[in-house]
Student: 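What follows is a structure written as structure tokens; I'll ask about it next.
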Amino acid sequence: MAQTVKGTRDIFGPELRWFQWIEEITRQTMARHGYEEIRTPVLEEIEVFKRSVGESSDIVNKEMYDFIDKGGRHVAMRPENTAGVVRAAIQHKFFETNDPKRLYYIGPMFRYERMQTGRYRQFWQIGAEIFGVATPEADAENLTLLFELLQELGLVKLTLSINSVGTPECRPAFYQALRDFFDKSESEFCADCHRRIQENPLRVLDCKIPTCQAALEGHPVITDFLDEVSLKHHARLKEILTALEIPFEDNPRLVRGLDYYTRTAFEVMSSDLGAQSALLGGGRYDGLVKQLGGPEVPGFGWAIGLDRLAILMQAIHGDAPGKKPILLIPVGESAAIKAMILAKEWRWAGLEIQLETRNVPLKKSLQTANRQDFQLAMILGDSEIEQGVITVKDLTQGTQETMKLDSVVSDLRQSAYR
Ligand code: HAM
């Protein structure tokens, strides 16, 4: 029997209900902030990621699903979507005017990673990007959107970890300091780190191997190498976040696994997520549009792991909000037709109705309703039709009452069931 491919999974039931609910809240929040949705393809030319996320990053180097298609093109299934959004924005000339552009996306990403709870090879991200504004105010405004969304989702105890990773100009001195530090205890680092220190020393800092992490104790931090403008940008951002009461911690050790960041970089972790504690990450990427062949346009954004968000929501809030439909059970042949007519009418009036069409004894219908966790069943027999009433059974309480057919919709709306 065929099974899902390793690292992928089917999403349904309670987990899917969280996905749907989160997506709905996301769309509302994005609309309130003037962010427009964009849907880009899963497949991109491999260069889109090599030139943005970086050839020396684990994401491109080890984790990418890439292949040569039947036409001989080297393509990749997107491991993230900032690069794809930038590619699209350049292609469709969004940057022809210098106006700011705000975009968001919700969709699946692919990384060939070791599978764990909260870490999959196909996973979902919600992301938001603002282009065309280089100010710390733009960072703060985009973070306000993020925190409003988290608040709407009822996640209020999360702390933002922020850092400034400076600009490409301040990196050479920092890289030299890292190499000097590395040289002192090079035998303690893994083979990959030996490669990284040559290709891109920053990547040594996010090696996941515990012995490398231990050897990194006391490593030089980028914050000590920042230029004047980056320092000012960072200080101003912190000032605004404090004024906006967005809780944050300044973490000079924070670097991100993608190469395109300049100045602000940030993450939000949650202890409720276990080993995969990163719920979201993002930052500023002022060189990316140019790097991908566009004009000089600054950018800032973030992406949340939707799978991880759903795990968190389930852990904190239990099941997603939402209700089962009402099961309408006709008893007898003429009631079956009448029930269909009523179901149509009531659905138009806004009730969620599922109709029993199996023509089985009432007892069996009620057993199914209980097994499937219906809260309400409505029973319509010939005598009820004659009297213009219907029996409404609360399956969780084990109670029932008779309601008038011509007022049942408004009666139900006013009752505890709505
Ligand atoms: P990222 O930190 O690589 O950033 O991913 C963002 C989030 O995606 C992570 O915090 C995590 O929740 C989720 N995620 C990553 N890998 C997996 C996985 N294998 N399974 C489940 N969830 C995962 C980016 O992707 C950047 N594009 C974010 C960004 C947007 N920066 C600027 N704009």
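Source: prediction; values computed, not measured. All heavy atoms count here, side chains included; hydrogens, waters and symmetry mates do not.
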Student: Is a donor on one side and an acceptor on the other found under 3.5 Å between the side chain of Gln291 and the backbone of Arg51?
Tutor: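 Flag set: sc Gln291 to bb Arg51 pair under 3.5 Å.
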
Student: Please evaluate residues Tyr35 and Tyr104 with respect to the criterion ring pair (Phe, Tyr, Trp, His ring centres under 6.0 Å), reporting the C-alpha separation (whole Å), side-chain torsions for both, the decisive distance (0.1 Å), and the verdict.
Tutor: CA-CA 6 Å; Tyr35 279 67; Tyr104 81 92; 7.6 Å; no

Student: May I ask you to check whether Asn359 and Thr357 show a side-chain donor-acceptor distance below 3.5 Å?
Tutor: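 Side-chain D/A pair, Asn359 to Thr357: absent.
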
Student: Under 4.0 Å between a side-chain nitrogen and a carboxylate oxygen: does that hold for Arg203 and Glu199?
Tutor: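 Result for this pair is no, no salt bridge flagged.
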
Student: Assess the side chains of Arg371 and Gln367: does a donor N or O sit below 3.5 Å from an acceptor N or O?
Tutor: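 Result is no, nothing qualifies.
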
Student: How about Arg73: does its CZ atom have over 12 heavy atoms from other parts shown lying under 6.0 Å from it?
Tutor: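 It does not: Arg73 CZ has 12 such atoms or fewer within range.
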
Student: Is it true that Asp286 and Arg284 have a side-chain N and a carboxylate O under 4.0 angstrom from each other?
Tutor: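 Yes, Asp286 and Arg284 are salt-bridged.
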
Student: Could you walk me through whether Thr368 and Arg358 pass the side chain to side chain donor-acceptor pair (under 3.5 Å) check?
Tutor: CA-CA 11 Å; Thr368 311; Arg358 288 180 301 173; 2.9 Å; yes

Student: Do NZ/NE/NH1/NH2 and the carboxylate oxygens of Arg78 and Glu44 come within less than 4.0 Å?
Tutor: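 The answer is no: the pair does not qualify as a salt bridge.
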
Student: Counting only N and O atoms by type, is there a donor-acceptor contact under 3.5 Å from the side chain of Glu80 to the main-chain atoms of Thr82?
Tutor: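 Yes; judged by distance alone, with no hydrogens or angles, the pair exists.
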
Student: Using atom types as modelled and distance alone, determine if a side-chain donor or acceptor of Asn251 lies under 3.5 Å from a backbone N or O of Asn163.
Tutor: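 Looks like no, no N/O pair under 3.5 Å.
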
Student: Quick test of your reading of the model: are Arg196 and Asp206 salt-bridged, counting only N-O distances below 4.0 Å?
Tutor: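 Here Arg196 does not pair with Asp206 in a salt bridge, since their nearest N and O are not under 4.0 Å apart.
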
Student: For residues His234 and Asp250, is any side-chain donor paired with an opposing acceptor at under 3.5 Å?
Tutor: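 Yes, a side-chain donor-acceptor pair sits under 3.5 Å.
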
Student: Can you confirm whether the side chains of His233 and Asp139 place a donor and an acceptor under 3.5 Å from each other?
Tutor: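 Note: His233 and Asp139 side chains meet the donor-acceptor criterion.
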
Student: Without swapping roles, check the side chain of Ser277 against the backbone of Leu273 for a donor-acceptor pair under 3.5 Å.
Tutor: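 No: the side chain of Ser277 does not pair with the backbone of Leu273.
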
Student: Salt bridge check: are Arg17 and Glu15 linked by an N-O gap of less than 4.0 Å?
Tutor: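 No, Arg17 and Glu15 are not salt-bridged.
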
Student: Would you kindly say whether Asp10 and Thr4 are connected by a side-chain donor-acceptor distance under 3.5 Å?
Tutor: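 There is no such pair (donor and acceptor under 3.5 Å, judged by atom type) between the side chains of Asp10 and Thr4.
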
Student: Find the distance between CD1 (Ile130) and CG (Leu145) and round it off to the nearest 0.5 Å.
Tutor: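 Answer for the CD1-CG pair, Ile130 versus Leu145, is 9.5 Å.
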
Student: May I ask you to decide if Ile25's main-chain N or O and Thr29's side chain share a donor-acceptor pair within less than 3.5 Å?
Tutor: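 Yes, the answer is positive, given that a donor and an acceptor are paired below the 3.5 Å cut-off.
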
Student: Okay, side chain of Arg256, backbone of Gly283: is any donor-acceptor separation there less than 3.5 Å?
Tutor: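 It does not hold such a pair.
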
Student: State whether the side chain of Arg171 and the backbone N or O of Gly166 hold a donor-acceptor pair below 3.5 Å, judged by distance alone.
Tutor: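 Looks like yes, one N/O pair under 3.5 Å.
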
Student: Side-chain atoms of residues 105-114: list all donor-acceptor pairs with protein atoms under 3.5 Å, sequence neighbours left out, distances to 0.1 Å.
Tutor:
unit_1: Tyr105; atom_1: OH; unit_2: Glu129; atom_2: OE2; d: 3.2
unit_1: Arg111; atom_1: NE; unit_2: Pro79; atom_2: O; d: 2.8
unit_1: Arg111; atom_1: NH2; unit_2: Pro79; atom_2: O; d: 3.0
unit_1: Tyr112; atom_1: OH; unit_2: Arg121; atom_2: NH1; d: 3.4

Student: Between Phe95 and Phe131, does the ring centre distance come in under 6.0 Å?
Tutor: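 Yes - the distance between ring centres of Phe95 and Phe131 falls below the 6.0 Å cut-off.
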
Student: Without hydrogens or angle criteria, can the side chains of Gln400 and Asp394 be said to hold a donor-acceptor pair below 3.5 Å?
Tutor: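 No, no side-chain donor-acceptor pair sits under 3.5 Å.
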
Student: Could you go through Gln125 and Asn81, starting from their C-alpha distance and side-chain angles, then the distance that decides it, and tell me whether this counts as side chain to side chain donor-acceptor pair (under 3.5 Å)?
Tutor: CA-CA 8 Å; Gln125 281 187 348; Asn81 205 24; over 6 Å; no

Student: What are the two closest heavy atoms between Asp227 and Ser230, and how far apart are they?
Tutor: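 Looking at all heavy atoms of both residues, the shortest contact is OD1-OG, 2.6 Å.
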
Student: Would you say the side-chain atoms of Ser334 and Asp382 include a donor-acceptor pair closer than 3.5 Å?
Tutor: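 Per modelled atom types, Ser334 and Asp382 side chains form a pair under 3.5 Å.
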
Student: State whether a side-chain donor-acceptor pair under 3.5 Å links Ser56 with Arg195.
Tutor: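 Per modelled atom types, Ser56 and Arg195 side chains form no pair under 3.5 Å.
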
Student: Give the intermediate values and the outcome of ring pair (Phe, Tyr, Trp, His ring centres under 6.0 Å) for residues Phe300 and Tyr285.
Tutor: CA-CA 6 Å; Phe300 184 97; Tyr285 46 87; 7.8 Å; no

Student: Counting only heavy atoms not in Met115, do more than 12 fall under 6.0 Å of its CE?
Tutor: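 Yes - once you tally the heavy atoms of other residues, nucleotides and ligands closer than 6.0 Å, there are more than 12.
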
Student: Does a sphere of radius 6.0 Å around CG in Asn98 hold more than 12 heavy atoms from other residues, nucleotides or ligands, not counting ones at 6.0 Å or beyond?
Tutor: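 Not more than 12 within 6.0 Å, no.
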
Student: Does Glu267 use its side chain to pair, donor to acceptor, with the backbone of Met269 at less than 3.5 Å?
Tutor: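 Looks like no, no N/O pair under 3.5 Å.
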
Student: Can a salt bridge be assigned to the pair Lys323 and Glu352 using a cut-off of 4.0 Å between side-chain N and carboxylate O?
Tutor: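 Yes.
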
Student: Any salt bridge linking Arg32 with Glu148? Criterion: basic side-chain nitrogen under 4.0 Å from a carboxylate oxygen.
Tutor: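 Salt bridge flag = yes for Glu148 with Arg32.
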
Student: Is any NZ, NE, NH1 or NH2 atom of the basic residue among Lys93 and Glu96 found under 4.0 Å from an Asp or Glu carboxylate oxygen of the other?
Tutor: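 A salt bridge is absent here (no side-chain N lies under 4.0 Å from a carboxylate O).
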
Student: For Leu405 versus Leu380, what's the shortest heavy-atom pair and its separation?
Tutor: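 Shortest heavy-atom separation between Leu405 and Leu380 comes out as CD2-CD1, 4.2 Å.
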
Student: Tell me whether Asp58 contacts the main-chain N or O of Lys62 through its side chain, where contact means a donor paired with an acceptor under 3.5 Å.
Tutor: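 Checked: no pair found.
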
Student: Given the rule in the side chain to side chain donor-acceptor pair (under 3.5 Å) test, do Glu249 and Thr159 qualify, once you have shown the distances and angles that lead to the verdict?
Tutor: CA-CA 7 Å; Glu249 61 187 26; Thr159 302; 5.7 Å; no

Student: Taking only Lys NZ, Arg NE, NH1 and NH2, and the carboxylate oxygens of Asp or Glu, determine whether Arg9 and Asp307 approach each other closer than 4.0 Å.
Tutor: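 Salt bridge between Arg9 and Asp307, a charged N being under 4.0 Å from a carboxylate O: yes.
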
Student: Does the pair Glu37/Arg102 count as a salt bridge with the N-to-O cut at 4.0 Å?
Tutor: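 Answer for the salt bridge query: no.
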
Student: Could you check whether Gln397 and Thr399, counting side-chain N and O atoms only, form a donor-acceptor pair closer than 3.5 Å?
Tutor: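 Checked: Thr399/Gln397 side chains show no N/O donor-acceptor pair below 3.5 Å.
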
Student: Any side-chain to backbone donor/acceptor pair from Asn370 onto Leu366? Under 3.5 Å, distance only.
Tutor: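 It does hold such a pair.
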
Student: Could you grab the distance from atom CG of Leu342 to atom CD1 of Ile385, nearest 0.5 Å is fine?
Tutor: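 Here the rounded value is 7.5 Å.
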
